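The structure under discussion appears below in the form of structure tokens.
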Amino acid sequence: MAAGIGWTRGVLDQAGLLGVLDDLPAQLRLRLPSGAAVLGVHASPMADDGPGIDPAIPGERLGPLLAGTGADVVLGGHTHTATDRVIGGIRALNPGSTGLLCPAPAARPTGFLSKTTATP
């Protein structure tokens, strides 16, 4: 894993893009045309590292990470394990991984979220 991170860091640095990462927000909020509030994070709304939205984390531990976000849907990655759960009325999604394929078909990403704006 460390070698992969080092390689990625080197490629981004050579391309002059490493500094771009510093400018990325820790959270991304948007509202879908349906009115649903979506929050995108790396691991969880509480931290950029540590427990993320993972199918193995018990609802009693995931619930407090989602509570108080003001979101109807929270998208998080970090664990690279696809999941789609509803905890305390909040839909918790992890799209899985595009680079680290999970062996179990049930753990593979199965959908995408897109936001479109209607034009008059």
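What you see is a predicted model; the values in this text were computed from it and never measured.
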For residues 56-70, please give each side-chain donor-acceptor pair under 3.5 Å, one per line with the distance, not counting sequence neighbours.
residue: T69; atom: OG1; partner: L66; partner atom: O; Å: 3.1
residue: T69; atom: OG1; partner: A71; partner atom: N; Å: 3.2

Below 3.5 Å, can you tabulate the donor-acceptor pairs from side chains in residues 35-42 to any protein atom, sequence neighbours excluded?
residue: H42; atom: ND1; partner: D48; partner atom: O; Å: 2.7
residue: H42; atom: ND1; partner: D48; partner atom: OD1; Å: 3.4

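Clustering ILVMFWY residues whenever any of their side-chain heavy atoms sit less than 4.5 angstrom apart, transitively, puts L28 in the very cluster that holds L93. When the side chains of ILVMFWY residues are joined at heavy-atom separations under 4.5 Å, either directly or via intervening members, L18 and V20 end up in a single hydrophobic cluster. Following chains of ILVMFWY side-chain contacts shorter than 4.5 Å, one can reach L30 starting from V73, so the two form part of one hydrophobic cluster.
Ionic pairing of D72 and R91 is not present here: no N-O contact between side-chain nitrogen and carboxylate oxygen is shorter than 4.0 angstrom.
We find the CG-CG distance between L12 and L17 to be 6.0 Å, quoted to the nearest 0.5 Å. The OG1 atom of T8 sits 12.0 Å away from atom CG of D13, with the distance rounded to the nearest 0.5 Å.
A distance-only check finds a donor-acceptor pair linking the side chain of N94 to the backbone of T81 [under 3.5 Å].
What you find for A82 and P55 is that their closest heavy atoms are O-CG, 3.9 Å.
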